[in-house]
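Below is one structure, written out as structure tokens, with a few remarks after it.
First the proteins, then the strands, lettered A, B, ... as listed; each starts at 1.
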Number of protein chains: 2
Amino acid sequence: MASVSSAADRSLPLRERKKLRTRRALADAALRMFTEKGFDATTLEELVDEVEVSKSTFFRTFPAKEAAAIEAEVELWSANLTALRDHTLSGVILTEMKDILCGVVTGLDADWPDRYVATRRLVLTAPTLMAYAAHHRADIQQQTGDLLADKLNLPLGDLRPQVLAELTTTAWTIAARAWVRTGGQGGRQSLLESVEHAFQTIPASLELSAQTER
Amino acid sequence: MASVSSAADRSLPLRERKKLRTRRALADAALRMFTEKGFDATTLEELVDEVEVSKSTFFRTFPAKEAAAIEAEVELWSANLTALRDHTLSGVILTEMKDILCGVVTGLDADWPDRYVATRRLVLTAPTLMAYAAHHRADIQQQTGDLLADKLNLPLGDLRPQVLAELTTTAWTIAARAWVRTGGQGGRQSLLESVEHAFQTIPASLELSAQTER
DNA sequence: AACAATACTGATACTGAGTACCATTTGACA
DNA sequence: TGTCAAATGGTACTCAGTATCAGTATTGTT
């Protein structure tokens with residue numbers, strides 16, 4: 001389980017390193033400024049002035065203003081897709097999905113948990129951001145489902161890989177929501193416990209009944 | 001199970017009827033024009049000219065250009081929330097959720113299935129629409145989860161209502177996707193069968209394993 | 001049936017995100 | 001060092017979305 005993305009990766013061509021640096025700088029500034037001033041109140045011009053790049057460069061790096069704000073989210077799911085791709089599945093898939101996801105969380109940069117908490121809190125403040133994050137999640141889900149179907153050699157009509165992909169993101173979303181609500185206290189470890197708990201809650205939810213419950 | 005929304009509802013004050021009429025006209029024109037010319041290629045001006053209202057009126061009716069395109073989706077979930085609110089839960093909740101949803105589908109306008117198919121197909125063509133639809137889904141999920149927690153008197157930390165809400169929209173999304181892919185053939189009836197199937201697939205997915213499967 | 005009070009519409013002017021285009025600079029590589 | 005490719009910055013543009021206000025239609029009251 002190698003650490004995938006660190007800030008200054010030698011061995012990468014200089015040009016690529018520069019691009020990565022501005023990408024990182026833009027994402028950091030975006031998270032900070034949007035949190036301080038509000039997403040709508042911060043114009044793109046202010047953002048690019050801060051980082052000292054042009055608007056052109058911004059849109060060559062990110063497809064939208066919103067994208068710069070949810071980099072931490074993107075990092076998580078890109079890494080997860082890669083991990084799933086490189087993993088040989090065996091046993092109960094949903095459990096495997098949970099383990100892969102937990103492995104990814106463990107492998108991310110040291111500053112990732114803080115950035116993720118800040119990101120999720122920010123997302124709650126602006127509907128536009130909410131929409132963008134939801135879209136990203138749907139996108140990831142689709143890709144995960146397709147990848148699963150491929151890895152398991154399942155026919156096109158089989159709904160199970162899509163369902164599994166959705167269950168995975170569902171479990172994550174719910175676990176993360178609870179963890180973020182605590183301010184990310186307990187760090188990575190408590191997040192992992194929250195994820196375990198959420199995955200366990202799925203079968204428990206299926207059986208939930210009224211009457212007997214009150 | 002009363003039919004909720006028909007085009008010209010008497011007994012409503014004139015002012016409200018007019019608003020509903022323009023809303024309907026805008027949504028219809030939007031669906032048609034976006035499908036014909038493409039979402040991005042159709043400007044808001046063209047749309048409001050067609051319906052002969054001002055841009056001002058458009059934005060008092062819909063919060064965004066995208067919203068006019070997904071009215072069929074909004075109608076479905078608004079009706080579902082209302083139905084859930086008015087329903088007394090008993091027995092296995094997930095089954096109840098399925099039944100309520102199926103009841104809502106049965107109760108919608110005669111032209112709803114066609115409009116829904118057109119909507120979903122349109123959504124696939126424009127990322128902006130995709131994002132907006134995903135956002136709407138997330139919004140509905142949240143409200144459904146909160147409503148469930150309230151109706152079942154569950155404490156704030158309990159993840160199960162949120163999971164159930166997500167499972168419900170998940171099942172719907174997957175069922176609808178399959179149904180739309182067939183062009184909505186078989187109409188409402190085959191959609192309902194697809195929904196049944198998707199709900200059954202959820203427990204089946206939990207147990208899916210590798211090895212034994214290939 | 002006339003009259004406030006109130007809600008809705010339309011027009012205008014504005015902000016800011018995102019795109020298209022081109023001239024300039026910078027890194028890659030022989 | 002020189003040449004090619006690729007990234008950058010600047011300018012001008014389109015269009016969604018907001019704010020404001022004057023005019024018009026609807027409601028409910030007397």
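A salt bridge between A:Lys98 and A:Glu196 is present, with a side-chain N of the basic residue lying under 4.0 Å from a carboxylate O of the acidic one.
The shortest side-chain heavy-atom distance between B:Glu71 and B:Arg24 does not fall under the 4.5 Å cut-off. Looking at heavy atoms from C-beta onward, A:Lys19 lies out of side-chain contact with A:Thr61 at the 4.5 angstrom threshold. No side-chain heavy atom of A:Gln143 sits under 4.5 Å from any side-chain heavy atom of A:Trp77.
The aromatic rings of B:Phe58 and B:Phe62 lie tilted to each other, with the angle between the two planes from 30° to 60°.
Atom CG in B:Leu129 sits roughly 14 Å away from atom C1' in D:dA16 (whole-Å rounding). Rounded to whole Å, the distance from CZ on A:Arg15 to P on D:dA7 is 6 Å. In this entry the distance linking CZ of B:Phe58 with P of D:dT18 reads 11 Å, nearest Å. Between B:Asp49 atom CG and C:dG10 atom P there is a gap of 11 Å when expressed in whole angstrom units.
Across D:dT8, C:dT9, C:dT6, the shortest atom-to-atom separation from the side chain of B:Thr57 is found for C:dT9. Taking only side-chain atoms of B:Lys19, from C-beta outward, the nucleotide of D:dA16, C:dT9, D:dG9 with the closest atom is C:dT9. Out of D:dG9, D:dA5, C:dA17, the shortest distance to the side chain of A:Val53 is found at D:dG9.
Between A:Lys18 and C:dT26 there is no side-chain polar atom (N or O) within less than 4.0 angstrom of OP1 or OP2.
If you check residues 31-48 of chain B against DNA chain C, you find no residue with a heavy atom closer than 4.0 Å. For the segment residues 62-69 of chain B, the set of residues with a heavy atom within less than 4.0 Å of an atom of DNA chain D comprises B:Ala64, B:Lys65, B:Glu66, in numerical order.
Under a 3.5 Å cut-off, the side chain of B:Thr57 and the backbone N or O of B:Val53 do not form any donor-acceptor pair.
Within 3.5 Å, a donor on the side chain of B:Arg60 pairs with an acceptor on the base of C:dG10, or the reverse.
Between A:Ser205 and the choices B:Ile93, B:Leu164, B:Leu94, the side-chain contact (heavy atoms from CB on, under 4.5 Å) rule is met once, by B:Leu164.
A:Lys55 comes within contact range of at least one nucleobase, with a heavy-atom separation under 4.0 Å. Among the heavy atoms of the strands lying under 4.0 Å from A:Ser56 is at least one base atom, whether or not backbone atoms are also near.
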Inset, instruction - Determine, step by step, whether A:Arg137 and A:Glu73 satisfy the salt bridge (charged side-chain N to carboxylate O under 4.0 Å, His left out) criterion, reporting the C-alpha distance in whole Å, the side-chain angles of both residues, the deciding distance to 0.1 Å, and the verdict. - result: CA-CA 9 Å; A:Arg137 183 194 146 160; A:Glu73 190 87 47; over 6 Å; no

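A residue-by-residue look at A:Thr22 and B:Glu16 shows that A:Thr22 has its nearest nucleotide of DNA chain D further toward the 5' end.
For A:Glu16, the CD atom is densely surrounded, since the number of other residues' heavy atoms within 6.0 Å is greater than 12.
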